[in-house]
Protein chains: 2
Amino acid sequence: MNKHHDVCEVRSVDKKKVRSVMKSMLTDHEAINLSETFSVLADPTRTKIIYALSSEELCVCDIAGILGMSVSAISHQLRILRNMRIVKFRKEAKMVYYSLDDEHISRLFNEGLKHIRE
Amino acid sequence: MNKHHDVCEVRSVDKKKVRSVMKSMLTDHEAINLSETFSVLADPTRTKIIYALSSEELCVCDIAGILGMSVSAISHQLRILRNMRIVKFRKEAKMVYYSLDDEHISRLFNEGLKHIRE
DNA sequence: ATTATATTTGAACATATGTTCAAGTGTTTA
DNA sequence: TAAACACTTGAACATATGTTCAAATATAAT
């Protein structure tokens, strides 16, 4: 049995169109990269964290206080943002202070914010 | 037992900062709205569909052909894009032709594309 | 040294998401 | 009318995601 059962049966209706669109189509790599970028902003906790950090450098504890969520939950999300280089951090004694590190994402974020507020 | 076990124990380190950030914080509604907007673009199949439709109006069958995926999978994704008013459609005989319907999302999409290609 | 504080981490859990498969609708062609 | 075609839909399935809880790490204060 062919795994691509359906796929192989698909016949194009307009072969010219299909070929021309296929030529400029995003590569898998680009599409995955792009969607991963948007995924960072696709969670309300993370959008709130990014919004909070856009005005102030903050420690984990204060972010948790501001969002009304557990320190652990915030720390898990910060790890994601750290791995994606969206935020950077600075250690001072026991505390860890986070701030934004990616102006591209900030721009995307603000475009999105504009969109929902219009 | 308090459900918000952790939350209530959080004490702010810098109360002034915390209050000032909280005052301008996104509402839950805004944060959810914003993250849902980004969620639309947070899947590689949908970014490919949007990219394809940015150059041509296409029928379901041809989108499936271009992406090398089943018609059913594409149709499910088109429903999501339809519900979010990202795409519109036009029926012609048996065929259904889809095209983009939201310039805001297109702008976001292009900002993201710029980002990953820089 | 012991205790308290700030944060991180891993496992468990529930929920959300995307694709497949099979069956359905509606339109056209034979 | 029957068969073919283009598409949609619902259920099942596997995978991904976000939060909680408990435990671990690391630094500071007593």
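Per chain, numbering begins at 1; letters A, B, ... match sequence-line order.
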Rounded interatomic separation in angstrom, taking NZ from K91(A) and P from dA26(D): 8 Å

Could you check whether the rings of F38(B) and F38(A) sit parallel, tilted or perpendicular, using 30° and 60° as the cut-offs? parallel

Between D62(B) and K15(A), does any side-chain N to carboxylate O distance fall below 4.0 Å? no

Measure the distance from OH on Y97(A) to P on dT7(C) and round it to the nearest whole Å. 8 Å

Could you state the CG-P distance from L67(B) to dG18(C), rounded to the nearest angstrom? 14 Å

Could you check which of dT20(C), dA6(C), dA6(D) has an atom nearest any side-chain atom of S70(B)? dT20(C)

Can you give one letter per nucleotide of nucleotides 8-17 of chain C, going 5' to 3': B for a protein heavy atom under 4.0 Å from the base, S for sugar-phosphate only, - for none? BBB-------

Whether F109(A) and Y51(A) hold their rings parallel, tilted or perpendicular, with breakpoints at 30° and 60°: tilted

What class does the angle between the rings of H104(A) and H115(B) fall in, given that below 30° is parallel, 30 to 60° is tilted and above 60° is perpendicular? parallel

For DNA chain D, whose closest nucleotide is more 5', that of M95(B) or that of K94(A)? M95(B)

In whole angstrom, give the distance that lies between atom CD of E92(A) and atom C1' of dA26(D). 16 Å

Can we say D101(A) and R82(A) salt-bridge, meaning some charged N sits less than 4.0 Å from an Asp/Glu carboxylate O? no

Gap between atoms CG and C1', on D14(B) and dA6(C) respectively (whole Å): 15 Å

Set out, in order, the CA-CA distance, both residues' side-chain angles and the distance that settles salt bridge (Lys or Arg N to Asp or Glu O under 4.0 Å) for K88(B) and D102(B), then state yes or no. CA-CA 9 Å; K88(B) 60 176 188 278; D102(B) 187 316; over 6 Å; no

Report the distance from atom CZ of R90(B) to atom P of dT27(C), rounded to the nearest whole Å. 16 Å

Figure out the CD1/C1' separation between I63(B) and dT8(D), and round it to whole Å. 14 Å

